[in-house]
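Below: one structure, written as structure tokens.
Numbers restart at 1 for each chain; the letters A, B, ... are given by sequence-line order, proteins then strands.
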2 protein chains.
Amino acid sequence: MTSIDDVARATGVSTATVSRALRGLPNVAESTREAVRLAADDLGYVASSSASGLASGRTLAMGAVVPSVSRWFYTAVLEGIDHELRAASYDLILFNLGGRGEDRSRVFHRSILRKRTDALVALCLDFSAEERRQLTSVGHPAIVVGGPVRGLRHIGIDDLGAAKLAVEHLIALGHRDIAHIGGEDEAGLNRSVPEARQAGWRDALTTAGIPVRGDRFVLGGFNIDTSKQATDVLLSSGERPTAIFAASDEMAVGAMLSIWAHGLRVPGDISVIGIDGHPLARTFGLTTLEQHPFAQGATAARMLLDELAGNPPRSRSVRHPVTFIDRGSTARPA
Amino acid sequence: MTSIDDVARATGVSTATVSRALRGLPNVAESTREAVRLAADDLGYVASSSASGLASGRTLAMGAVVPSVSRWFYTAVLEGIDHELRAASYDLILFNLGGRGEDRSRVFHRSILRKRTDALVALCLDFSAEERRQLTSVGHPAIVVGGPVRGLRHIGIDDLGAAKLAVEHLIALGHRDIAHIGGEDEAGLNRSVPEARQAGWRDALTTAGIPVRGDRFVLGGFNIDTSKQATDVLLSSGERPTAIFAASDEMAVGAMLSIWAHGLRVPGDISVIGIDGHPLARTFGLTTLEQHPFAQGATAARMLLDELAGNPPRSRSVRHPVTFIDRGSTARPA
DNA sequence: TTGAAAGCGCTAACAT
DNA sequence: ATGTTAGCGCTTTCAA
């Protein structure tokens, strides 16, 4: 491997100058910089990240801890993060907690505290007080995207408010029998999000003076299949609700499939509304409240990069707005 | 930050011994090892990856270059890779090429050759001769998952064969008017895969003595929406095909949605078959040929880890088997 | 089984 | 504008 010395020798300058020239630092003659660049290119020299990381104390990499990479929301947030990182020439280290819980502390220790990264963004994950202490002790700025957390800034939407908006939309159309398909995450992660959305459903009904019926709440698994099954149950009872508010777009699609399978129409027989802005919502003509995970991820990454650039940390959490998109899956009750 | 010296001092041994003890190397007294572990735990010591990377020449990280993280296939492969890496205590660096082509060489240079990783797996990506030369020169073993590539090993399925199987299945049911919805990748990436699948369609028809009609081939975009539109076109013509072979499961779902929207039944009026094993296939009762991206990713990662462990490189590419799953979306023609 | 010491390839003060 | 010189925190011979 060609090292910085090779380039220095080839150019006839010191390694310090090579380092400065290549990193675009000031106080290097343009002619020198050009010569160094040429030599580096010629020799195929690229600085070793271990060496520069060790010497400078910065890895130029950011870590993203995700509960899974197979869910739309997470990948969309990841893309937002990645977008900002690329602009800043930062690399992305992916820490996937996927499934098993035992791994978690190992991952945390082995990888995160090993200082492979300069900062950390966690998706819908909580940190224990101990973990936060450790993060602080390694000087790792961290931020959470998704669910709110204790003791750490976070980027997210107002889940309660968004859910209320969705249900209020249905109420405004004249619905009074509105069911809710609540989400449940496999690992018990991210519980606050489905809970907030459920609370929004209750609140909106209560505020409108509509009694909250226990049998109008069913649990799905944040995916199409289980939500479809949950809706099957909902529709098998004698009297059907006139509208369904699902805790996610995928769940709403599941509801639509169930409704269709029962020979009913959307929104003719039953109105359906979701939350997310999932691509399928467009495909299925689903009315929804879009949250913008890409933007959320980008915001998080930008905040951290800012901080790493030496700007004063913005300690405040950021609440992203949601967008109401009417695609016609809701209408006044028959 | 507590360093290896702190642990050495606390334990009263040399840093060399601490290093050996913590890494589980032989020739360390059990009592010493225990003491070192205790002290390390106590002090919250974790080795710096930059320092050990620099000293040892190994980063204990593997890079994955992906064209996008928002597509099912890629994330499934990633999970397979991640699974193996975790077992080996390797970290995963994600290089997302997402969209723009200009970025590519920058990413390649800046990140990959910077030796942040010990090995590289590329998803459905080709390498230029120059890039391969560079990879070799940094001693980076590399492998490709997905499309076949020149000059590099790759893990993948027999796309031509799988497509033939799908079409032969339809022919065996008695179909003679079989349409194909071909895939087209946005970035022009991964072109060989859709091409092979299309070739399989042609081959199977030809072999069965069925003329290949140009108007029975339409192009979708490897997603539900465009495939639905493509099918709309297919169905708007006078006489309908009796079966459709889609180049992916998502595309097959798009076809089903179009068919239903036309008031037709699957498989009553039109049979549909896909390729992939996408979760939606189950949801929609789609008959398909499952490829197993998780397994493909795992195989790739394992091969590289093997090689990094010093085992002789397996230079051969690996062809993964596909699994036929009949979910009833195909039947004999009416 | 353990320790001493020489790097690994860079960066960052401090000089010049 | 450029060079000198210490490290950064580990790993790894080589000795003991």
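- What separates CG of A/L54 from C1' of C/dT11 is a distance of 10 Å, to the nearest Å.
- A side-chain N or O of B/S19 and one of B/R23 form a donor-acceptor pair less than 3.5 Å apart.
- Across A/D82, A/V66, A/I81, A/V65, a single residue satisfies side-chain contact (heavy atoms from CB on, under 4.5 Å) together with A/L94, and that is A/V66.
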Step by step, work out the salt bridge (charged side-chain N to carboxylate O under 4.0 Å, His left out) result for B/R153 and B/E307. CA-CA 13 Å; B/R153 300 166 291 179; B/E307 212 157 308; 2.8 Å; yes
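- Checked against C/dA12, D/dG3, D/dC10, the side chain of A/S56 finds its nearest nucleotide in C/dA12.
- Between A/L22 atom CG and D/dA1 atom C1' there is a gap of 17 Å when expressed in whole angstrom units.
- The CD1-P distance, from B/I4 to C/dG3, rounds to 12 Å in whole Å.
- Listed nucleotides C/dT2, D/dA1, C/dC8 differ in distance to A/A29; the shortest reach to its side chain belongs to D/dA1.
- Atoms CG (B/D5) and P (D/dC8) sit 9 Å apart, rounded to a whole Å.
- Atom CG of B/L25 and atom P of C/dT1 are 12 Å apart (whole Å).
- Among the atoms of the strands shown, base atoms are found under 4.0 Å from some heavy atom of A/A16.
- Looking only at distances, no side-chain donor or acceptor of A/R116 sits under 3.5 Å from a matching main-chain atom of A/A61.
- Using a 3.5 Å distance cut-off with no hydrogens or angles, the side chains of B/D5 and B/T15 do not pair a donor with an acceptor.
- The distance between atom CG of B/N27 and atom P of D/dC14, rounded to the nearest whole Å, is 16 Å.
- Distances shorter than 4.0 Å separate none of the side-chain N or O atoms of A/S3 from OP1 or OP2 on C/dC8.
- Within 4.0 Å of A/S50, counting heavy atoms only, lies no atom of the nucleic acid at all.
- For B/T15, the side-chain atoms get nearest to D/dT11 when compared with the rest of D/dT2, D/dT11, C/dC10.
- When each of D/dG9, D/dT11, D/dG3 is scored by its nearest atom to the side-chain atoms of A/R20, the top-ranked nucleotide is D/dG3.
- Within the structure, every side-chain polar atom (N or O) of A/S19 is placed at least 4.0 Å from both OP1 and OP2 of C/dC10.
- Atom-to-atom, CZ of B/R58 to C1' of D/dT12 comes out at 14 Å; the value is rounded to the nearest Å.
- Counting non-hydrogen atoms under 4.0 angstrom, A/R23 reaches the backbone sugars and phosphates but no base.
- A close approach under 4.0 Å does occur between a side-chain nitrogen or oxygen of A/S14 and OP1 or OP2 of D/dG3.
- When the P atom of D/dG9 is taken as reference, atom CG of B/L43 falls 15 Å away, rounded to whole Å.
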